[in-house]
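Note sheet for the following structure.
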Amino acid sequence: MTTHEPLTDAELAAMEELAETAAPGPWFIRHLDDADAMNLVAISTVPDTGHGERWPGFDHHEIVAATLIQQPRYVDVADARWDENAQFIANARQDIPRLIAEIKRLRQLLAERGRQDREA
């Protein structure tokens with residue numbers, strides 16, 4: 001599928017199901033640390049404290065994803081956009097459901113408008 005093809009109802013429903021089954025939001029970016037990773041940019045279900053907690057000073061059950069685990073370099077993108085990627089992932093938790101709702105709302109408006117035009 002290309003990005004220029006219309007989004008089908010089935011695709012929209014699949015996206016909605018993914019959003020509904022993901023960990024509840026909101027999600028936050030956390031800058032953490034540990035003896036092995038040295039630097040950890042994570043997406044978490046709790047806000048960042050600003051203290052750069054080191055393992056075991058944070059609950060790993062709160063971590064949804066990581067965009068940087070620096071040492072050894074096993075989660076690290078070449079373009080160094082780990083903060084930007086983390087922000088995108090964290091925002092997706094609330095943005096995707098909002099976008100789905102807006103698409104449904106606009107489709108409903110278009111359907112109502114189509115019915116009104118046919119009746120006129």
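For the numbers below, each heavy atom of this structure counts, side chains included, while hydrogens, waters and symmetry mates do not.
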> Distance only, no hydrogens: is a donor on one side chain within 3.5 Å (strictly under) of an acceptor on the other, for T21 and E17?
Replying inline: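 Per modelled atom types, T21 and E17 side chains form no pair under 3.5 Å.
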
>> Can a side-chain donor-acceptor contact be found between Q116 and E112 if the only test is distance below 3.5 angstrom?
In response: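 Side chains of E112 and Q116: no pair found under 3.5 Å.
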
Counting C-beta onward and ignoring hydrogens, is there a side-chain heavy-atom pair between [X] and [Y] closer than 4.5 Å?
X: E62; Y: D59; value: yes
X: L12; Y: K104; value: yes
X: V46; Y: R30; value: yes
X: V77; Y: N85; value: yes

> Only one of L68, I69, L40 clears side chain to side chain contact (heavy atoms under 4.5 Å, CB included) with V75; which?
Replying inline: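 Passing option: I69.
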
>> Holding to side chain to side chain donor-acceptor pair (under 3.5 Å), I want the full list of residues that pass it with E119, two or more places apart in sequence or in another chain.
In response: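 Testing E119 for side chain to side chain donor-acceptor pair (under 3.5 Å), a comparison that skips the adjacent residues, returns none.
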
> Given the rule that I, L, V, M, F, W and Y join up when any side-chain heavy atoms are under 4.5 Å apart, are L7 and I96 in one cluster?
Replying inline: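 The answer is yes; both residues are in one hydrophobic cluster.
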
>> Starting from I43, can I reach F28 by hopping between I/L/V/M/F/W/Y residues whose side chains sit under 4.5 Å apart?
In response: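 No, F28 and I43 fall in different hydrophobic clusters.
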
> Of the non-hydrogen atoms in P97 and A92, which two are nearest, and what is the gap between them?
Replying inline: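 Result for this residue pair: CD-O, 3.8 Å.
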
> How close do D33 and F58 get, heavy atom to heavy atom, and via which atoms?
Replying inline: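 Minimum heavy-atom separation between D33 and F58: O-CE2, 3.5 Å.
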
Rounded distance [0.5 Å steps], [atom1] in [X] versus [atom2] in [Y]:
X: L106; Y: E102; atom1: CG; atom2: CD; value: 4.0 Å
X: L32; Y: N39; atom1: CG; atom2: CG; value: 9.5 Å
X: E11; Y: I103; atom1: CD; atom2: CD1; value: 10.5 Å

> What pairs with Q87 under side-chain contact (heavy atoms from CB on, under 4.5 Å), at least two apart in sequence or on another chain?
Replying inline: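 Counting only residues at least two positions away or on another chain, Q87 forms a side-chain contact (heavy atoms from CB on, under 4.5 Å) with I29, N91.
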
> What residues, two or more places apart in sequence or in another chain, satisfy side-chain contact (heavy atoms from CB on, under 4.5 Å) together with D83?
Replying inline: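 Here the qualifying residues are H31, V41.
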
> W82 side chain to D79 main-chain N or O, any donor-acceptor pair under 3.5 Å?
Replying inline: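 No.
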
>> Under a 3.5 Å distance rule, please check whether R93 uses its side chain to pair with a backbone N or O of T45 as donor and acceptor.
In response: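 Here the side-chain-to-backbone pair does not exist.
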
>> Would you say that more than 12 heavy atoms from the other residues, nucleotides or ligands in this model lie under 6.0 Å from the CZ of R107, or not?
In response: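 Atom CZ in R107 is crowded, with more than 12 foreign heavy atoms closer than 6.0 Å.
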
> Is R115 atom CZ crowded by more than 12 heavy atoms from other residues, nucleotides or ligands, each under 6.0 Å away?
Replying inline: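 Result for CZ/R115: enclosed.
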
> Checking side chain to side chain contact (heavy atoms under 4.5 Å, CB included) for the pair I100/M15: CA distance, chi angles, key distance, verdict?
Replying inline: CA-CA 8 Å; I100 291 168; M15 289 178 195; 4.0 Å; yes

